[in-house]
K.L.:
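Sharing a structure, written as structure tokens. Questions coming.
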Amino acid sequence: MSATSPFRRAGLVGPALLVVLILVGVPLGIMAWVSLLGRGATIGVDWQSAPSFANYTKLIWEEDFDGTLLFNPTYLSILWRSVWQAAATTVICVALGLPVALWMSSLSRGARDIAVLLITIPFWTNLLVRNYAWLIILREDGAVSKAANAVWPFGPVQLLYNDAAILIGLVYSFLPFMILPIYAGFEKFDWRLLEAAYDLGANRRRALTRVIVPLAMPGIIAGSMLVFIPSLGSFVTAAILGGGKSMMMGNLIQLQFGQSRNWPFGAAISVVLLALMMLVLMGIAIWKNRQERKT
Amino acid sequence: MNLRRLPLTREISLAVLVYLYVPVVVLIVYSFNANRTATVWSETSLDWYRKILVNPSIRDATWNSLVLATAAGIGATLLALAAALGMKSRFRGAGLVEAVLNAPLILPEVVVAVATLMLFVGIGIDMGLTAMIPAHIAFCIPFAYLPIKARLEGMNPSLEEAAQDLYANRFVTFRRVTLPLLWPGIMAGFTLAFVTSLDDFLTSFFLSGPGSTTLPVYIFSAIRAGITPEINAISTIMLIVSVALVVTSFLLGKMRR
Amino acid sequence: MTNAPSAITVQSVSKSFGRGDAAIRVLHDVSVEIGAREFFTLLGPSGCGKTTLLRLIAGFEELDSGSIAIEGARIDHLPPFQRPVNTVFQNYALFPHLTVAQNVAFALEMQNLSAAEVRRRAGEALEMVRMGSFAARKPSELSGGQQQRVALARALAPRPKVLLLDEPLSALDLKLRKEMQIELKQLQTEAGITFVFVTHDQEEALTLSDRIAVMQGGRILQLDTPRTIYERPAHRFVADFIGEINLLDGQVSGPGRVRLDCGAEIAVAADQTPGARVTVAIRPERAALAQSGALPAEVTHAAYLGTATILQLRLANGAPFLLRAASANLPEIGAQVSLHLPSDALQVFAA
């Protein structure tokens, strides 16, 4: 067919593009601007205030009564928690996802499809519901808590409202995103080749390092992106399983737009979150580039 | 010698499946517990299901969720269909356009939600369905776009040529050949967009106004208020609906094969 | 053919793909007249421009320059759905969501015929290709050969003035291809319309065509009947592309004489400037073994084909030579023989 004319193409692609630009692009631009403004009395932002980086410095330093800047670790600790929680979630997902993907690929054709279905069903369930289920299991007067307290000799055990609870919830929320891409890499591979190599005297460890890990690598990278990015920006898990105590950046942002009514500060945290995300994406892109050049 | 059966992979996999399903089972079991203090099991009952059926806030929230998801699903699917058709032939900047269309997939939802809140407050749009529907359409676009695009790319380009060769003009070619062939992709796109909107909590949380609470927003505030068997019952229903959807689409996919 | 108006007139057609420096010229100033009810074949290796020329006639590509007319009326500005031509696609392009009958009825419905007329003509077209009993099937339930027949019926049902066929037999296995060749030829005679057939298979082209245009590099090198193209190729490329041929390099030594690189001097019918480098071509079946002759050779291999035997020979300079001989009284392998090259069987091309 003769090529689509530019006008026709603009007419077709334009509406969707405009909707995303106006409802996602423009708001992000506004947010970047608001992050430089001051806090307002009624609606959370003072549009007339002079732009400054005060909201960003506030993340690290606190202004004393006489104007000297004091180091304030409160916000930095939340930033730090977001990063390490997301990183830990990713590592645990790789550790669990790799063996599961390997096992799935060893099943018969029909069993594989069912295994994929079993892995995806929880992912189709509402995120709130998934995290709420853990709230029931880990709650103070629940069976698991009682059992833990009965076994643990050194005082009461609190399973809920801490970093561990958030980690369990994050892994639970995003594990399928790791399993499926790794499995996709295994599924295409002709395993008889490896079995032949094994026949020819390659030992199991070499099979693992030479074949399985390289085969899983693209899936691990894709899965890591799919797990790390939403974990970093997650809100629901920490809101439900972290209580008010263990916050992540998402919760801090929500707080600024909720109770604290400090939109400019919330916008600044959002910008920092976006910047962190971009850094990770760029890191992965550079790493991938170098990998490709190696081969 | 099967090398995929490395030691422990089976055990770890079974443990992971237990990890994935124990919370689900616990949730369902407790929804049938007659006792209000969720910890104590007294007897099996359907009381909580009866209660949520007559609870007007839950009914309204469910209705809002369905209205929103239907509007967002249809809106996003139409926009995505047009965009996918326009992106069929490569052109300069196609990569950038595609990146913008798919941006909602990767941007943290909490950030986009608060940013949209600022835009709507800035231009004076009231919170509620009028704010939620466009916002939902925007973030559902990639979910509808990707399956339609995939279907379009898998389509034999000679089929459209054949239709035109057989005297069908552009419009008739689209209606009689392109559209029927794209239909599974369009349905998949709509389903994904619909479910994504139905499941959404954050955007609705920031943009809902009085009277436009959606089911996830209702559940969230109920969870904040404390664990109650009603939440278990709603969650169980939502879970069953989701599972039914996934299993149906899986079986349909099998049949088509 | 001489009195009937041309079915298709292609005049000075050029076509490039891409823009600016990256543009690739796929057709250079191509002109051709195709007669009514002619079985016309565009033959050439892949990338020679034959499919592009077909797609230009169908309307799937736009001309850069030149014109295309059908029965004298220009059609090159018309979209495909307004051109009185139909196409049989290489991969058949049957609509997978429609039944065989619906596929064949597609164009008839577009022509706003009555429902009864659509049914009647679709049925007729299916009967013509002996697929009437498959009307309710989906294309995916048919074999390759059956799909091929449905594609033919679909394209013939609206009774186009010209049928365009884009390598329609290339996906079939050899036996089926031979059968379909015969059917195609019969269909063309029955339907009485012009066929423009694209192929890279020279044997297919020779078997089916009234005339063949041999294309290379976006140009028509030779346009003639299969017999002339085979026996009197106008270019070294045509000679080499069509059938088996021996190409012997040499130098013109005098009027009507060429000294081959193997040392022998032979008589040729063509007049070339003395001293010029030339290539002498001869078909394996036109050369003969002789008692004594100017061209000595050694038998290296023999392939028995039943009615004939192909002898592989080696000339004095080591160049190979194929000879098709009757299967009786053959020399042994390793024997020294002499070749006779009749001058009327030789084609001489400037190097």
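Note that the coordinates shown come from a computational prediction; the quantities given were computed from them, not determined experimentally. Just so we're on the same page: letters track the sequence lines, and every chain starts at 1.
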K.L.:
Can you tell which part of A/F257 gets under 4.5 Å to a heavy atom of chain B, answering side chain, backbone, both or neither?
P.N.:
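Answer is side chain: those atoms of A/F257 sit under 4.5 Å from chain B.
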K.L.:
Taking side chain as everything from C-beta outward and backbone as N, CA, C, O, which of these in A/L118 sits under 4.5 Å from a heavy atom of chain B? Side chain, backbone, both or neither.
P.N.:
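A/L118 touches chain B through backbone and side-chain heavy atoms alike.
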K.L.:
Centre-to-centre under 6.0 Å for A/W134 and B/Y19, is that the case here?
P.N.:
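They qualify: ring centres under 6.0 Å apart.
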K.L.:
Within this structure, what is the OG-CZ distance for the pair B/S197 and B/F139, rounded to the nearest 0.5 Å?
P.N.:
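CZ of B/F139 is found 5.5 Å from OG of B/S197.
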K.L.:
Counting heavy-atom pairs under 4.5 Å with chain B, which one of A/N251, A/I22, A/L232, A/V100 comes out on top?
P.N.:
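Most heavy-atom pairs within the cutoff with chain B belong to A/V100.
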K.L.:
Is any side-chain heavy atom of A/M248 closer than 4.5 Å to one of A/F235?
P.N.:
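A side-chain contact is absent here, since even the closest heavy-atom pair is not under 4.5 Å.
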K.L.:
Give, as side chain, backbone, both or neither, the part of B/V121 having an atom under 4.5 angstrom from any heavy atom of chain A.
P.N.:
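For B/V121, the side chain is the part near chain A, not the backbone.
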K.L.:
What I want to check is whether the side chains of B/N232 and A/Y132 have a donor and an acceptor closer together than 3.5 Å.
P.N.:
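Distance-only check passes for B/N232 and A/Y132.
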K.L.:
Does the side chain of B/T196 pick up a donor-acceptor pair with the side chain of B/H136 at under 3.5 Å?
P.N.:
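No, because no side-chain N or O of B/T196 sits under 3.5 Å from a partner of the opposite role on B/H136.
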K.L.:
So what's closer than 4.5 Å to chain A heavy atoms on B/L239: side chain, backbone, both or neither?
P.N.:
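It is both, since atoms from each part get that close.
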K.L.:
Mind ranking B/V247, B/D200, B/V97, B/L117 by heavy-atom pairs under 4.5 Å with chain A and telling me who comes out on top?
P.N.:
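Of the options given, most contacts go to B/V97.
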K.L.:
A/P122, A/A32, A/A10, A/G97: which one forms the most heavy-atom pairs within less than 4.5 Å of chain B?
P.N.:
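When all of A/P122, A/A32, A/A10, A/G97 are compared, A/P122 has the most.
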K.L.:
Does some side-chain heavy atom of B/Y21 sit less than 4.5 Å from a side-chain heavy atom of A/I121?
P.N.:
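Yes, side chains in contact.
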K.L.:
For chain B, find which of A/L128, A/L96, A/I30 contributes the most heavy-atom pairs closer than 4.5 angstrom.
P.N.:
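The residue among A/L128, A/L96, A/I30 with the greatest pair count is A/L128.
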K.L.:
Under 4.5 Å heavy-atom distance to chain B, tell me which part of A/V236 shows up: side chain, backbone, both or neither.
P.N.:
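The answer is the side chain of A/V236.
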K.L.:
Kindly compute the distance separating OH (A/Y183) from CH2 (A/W103), expressed to the nearest 0.5 Å.
P.N.:
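Nearest 0.5 Å value for the OH-CH2 distance: 11.0 Å.
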K.L.:
Is there a side-chain contact (heavy atoms from CB on, under 4.5 Å) between A/S105 and A/E187 once you walk through the steps?
P.N.:
CA-CA 6 Å; A/S105 70; A/E187 206 205 5; 5.8 Å; no
K.L.:
Against chain B, label A/L281 side chain, backbone, both or neither, depending on which of its atoms sit under 4.5 Å from a heavy atom there.
P.N.:
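Only the side chain of A/L281 comes within 4.5 Å of chain B.
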K.L.:
When heavy-atom pairs shorter than 4.5 Å are enumerated against chain A, which of B/P134, B/P108, B/S13 gives the highest number?
P.N.:
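Of the candidates given, the most pairs with chain A belong to B/S13.
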K.L.:
Kindly say whether A/V129 contributes a backbone atom to a donor-acceptor pair with the side chain of B/S235 at under 3.5 angstrom?
P.N.:
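Not at all, since once roles are kept as given, no pair shorter than 3.5 Å links the two residues.
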K.L.:
So do the side chains of A/R9 and B/L85 get within less than 4.5 Å of each other, counting heavy atoms only?
P.N.:
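The answer is no, as the side chains (C-beta and beyond) never meet within the 4.5 Å cut-off.
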K.L.:
By a 4.5 Å heavy-atom criterion (distance strictly below it), what part of B/I141 contacts chain A: side chain, backbone, both, or neither?
P.N.:
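Side chain only.
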K.L.:
Among A/M249, A/Q254, A/M104, which has the most heavy-atom pairs under 4.5 Å with chain B?
P.N.:
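Top count of heavy-atom pairs under 4.5 Å with chain B: A/Q254.
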K.L.:
Looking at B/I106, B/V243, B/V195, B/V112, which one has more heavy-atom pairs under 4.5 Å with chain A than the rest?
P.N.:
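Going by pairs under 4.5 Å, I would pick B/I106.
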K.L.:
So what's closer than 4.5 Å to chain B heavy atoms on A/I229: side chain, backbone, both or neither?
P.N.:
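Interface part for A/I229: side chain.
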K.L.:
Against chain A, label B/V26 side chain, backbone, both or neither, depending on which of its atoms sit under 4.5 Å from a heavy atom there.
P.N.:
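The answer is the side chain of B/V26.
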K.L.:
Against chain A, label B/V114 side chain, backbone, both or neither, depending on which of its atoms sit under 4.5 Å from a heavy atom there.
P.N.:
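Both backbone and side chain.
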K.L.:
Which bit of B/Y145 is near chain A, if near means a heavy-atom gap under 4.5 Å: side chain, backbone, both or neither?
P.N.:
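Contact with chain A is absent: no heavy atom of B/Y145 under 4.5 Å.
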K.L.:
Which atoms of B/F205 are under 4.5 Å from chain A, going by heavy atoms: the side chain, the backbone, both sets, or neither?
P.N.:
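For B/F205, the contact with chain A is made by the side chain alone.
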K.L.:
Could you look at A/L17 and say if it's the side chain, the backbone, both or neither that has a heavy atom under 4.5 Å from chain B?
P.N.:
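Both parts, backbone and side chain.
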K.L.:
Given heavy-atom pairs under 4.5 angstrom as the criterion, report whether the side chain, backbone, both or neither of A/L274 touches chain B.
P.N.:
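The side chain, not the backbone.
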K.L.:
Less than 4.5 Å to any heavy atom of chain B: does that hold for the side chain of A/A115, its backbone, both, or neither?
P.N.:
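Looking at A/A115, nothing touches chain B.
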K.L.:
If you count heavy-atom pairs within less than 4.5 Å of chain A, which of B/V24, B/I231, B/I137 leads?
P.N.:
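Most pairs with chain A among the choices: B/I231.
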K.L.:
Regarding B/E160 and B/R170, does a basic nitrogen lie under 4.0 Å from an acidic carboxylate oxygen?
P.N.:
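Judged by the 4.0 Å cut-off on N to carboxylate O distance, B/E160 and B/R170 do not form a salt bridge.
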K.L.:
Please confirm whether A/R130 makes a cation-pi placement over B/F201, using NZ or CZ under 6.0 Å from the six-membered ring centre and within 45° of the ring normal.
P.N.:
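No, A/R130 does not lie over the aromatic ring of B/F201.
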K.L.:
What part of A/I240 gets within 4.5 angstrom of chain B, counting heavy atoms only: side chain, backbone, both, or neither?
P.N.:
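Contact with chain B: side chain only.
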K.L.:
Assess the residue pair B/S158 and B/N156 against the criterion (side chain to side chain donor-acceptor pair (under 3.5 Å)); give the C-alpha distance rounded to whole Å, side-chain angles, the decisive distance to 0.1 Å, and a yes or no.
P.N.:
CA-CA 5 Å; B/S158 328; B/N156 179 355; 3.0 Å; yes
K.L.:
For residues A/L21 and A/V26, determine if any side-chain heavy atom of one lies less than 4.5 Å from a side-chain heavy atom of the other.
P.N.:
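A side-chain contact under 4.5 Å is absent here.
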K.L.:
Who wins among A/L226, A/I269, A/I136 for the most heavy-atom pairs under 4.5 Å with chain B?
P.N.:
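Among A/L226, A/I269, A/I136, the one with the most close pairs to chain B is A/I136.
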K.L.:
Examine whether an atom of B/M238 lies under 4.5 Å from a heavy atom of chain A, and if so say whether it belongs to the side chain, the backbone or both; otherwise answer neither.
P.N.:
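Only the side chain of B/M238 comes within 4.5 Å of chain A.
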K.L.:
Counting heavy-atom pairs closer than 4.5 Å to chain A, which one of B/L198, B/V16, B/V25 comes out on top?
P.N.:
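Option with the top pair count is B/V16.
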K.L.:
Within the 4.5 Å heavy-atom criterion, are B/K88 and B/L152 side-chain neighbours or not?
P.N.:
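The answer is yes; the side chains approach within 4.5 Å.
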K.L.:
Evaluate the side-chain proximity of A/C93 to A/V171: yes if any heavy-atom separation is below 4.5 Å, no if none is.
P.N.:
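Contact flag for A/V171/A/C93 side chains = yes.
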K.L.:
Give, as side chain, backbone, both or neither, the part of A/P230 having an atom under 4.5 angstrom from any heavy atom of chain B.
P.N.:
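For A/P230, neither part sits under 4.5 Å from chain B.
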K.L.:
If you count heavy-atom pairs under 4.5 Å with chain A, which of B/T116, B/I234, B/L20, B/L17 comes out on top?
P.N.:
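Looking at each of B/T116, B/I234, B/L20, B/L17 in turn, B/L20 comes out on top.
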K.L.:
Can you find a pair of side-chain heavy atoms, one from A/N131 and one from A/L127, that are under 4.5 Å apart?
P.N.:
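A/N131 vs A/L127: side chains touch.
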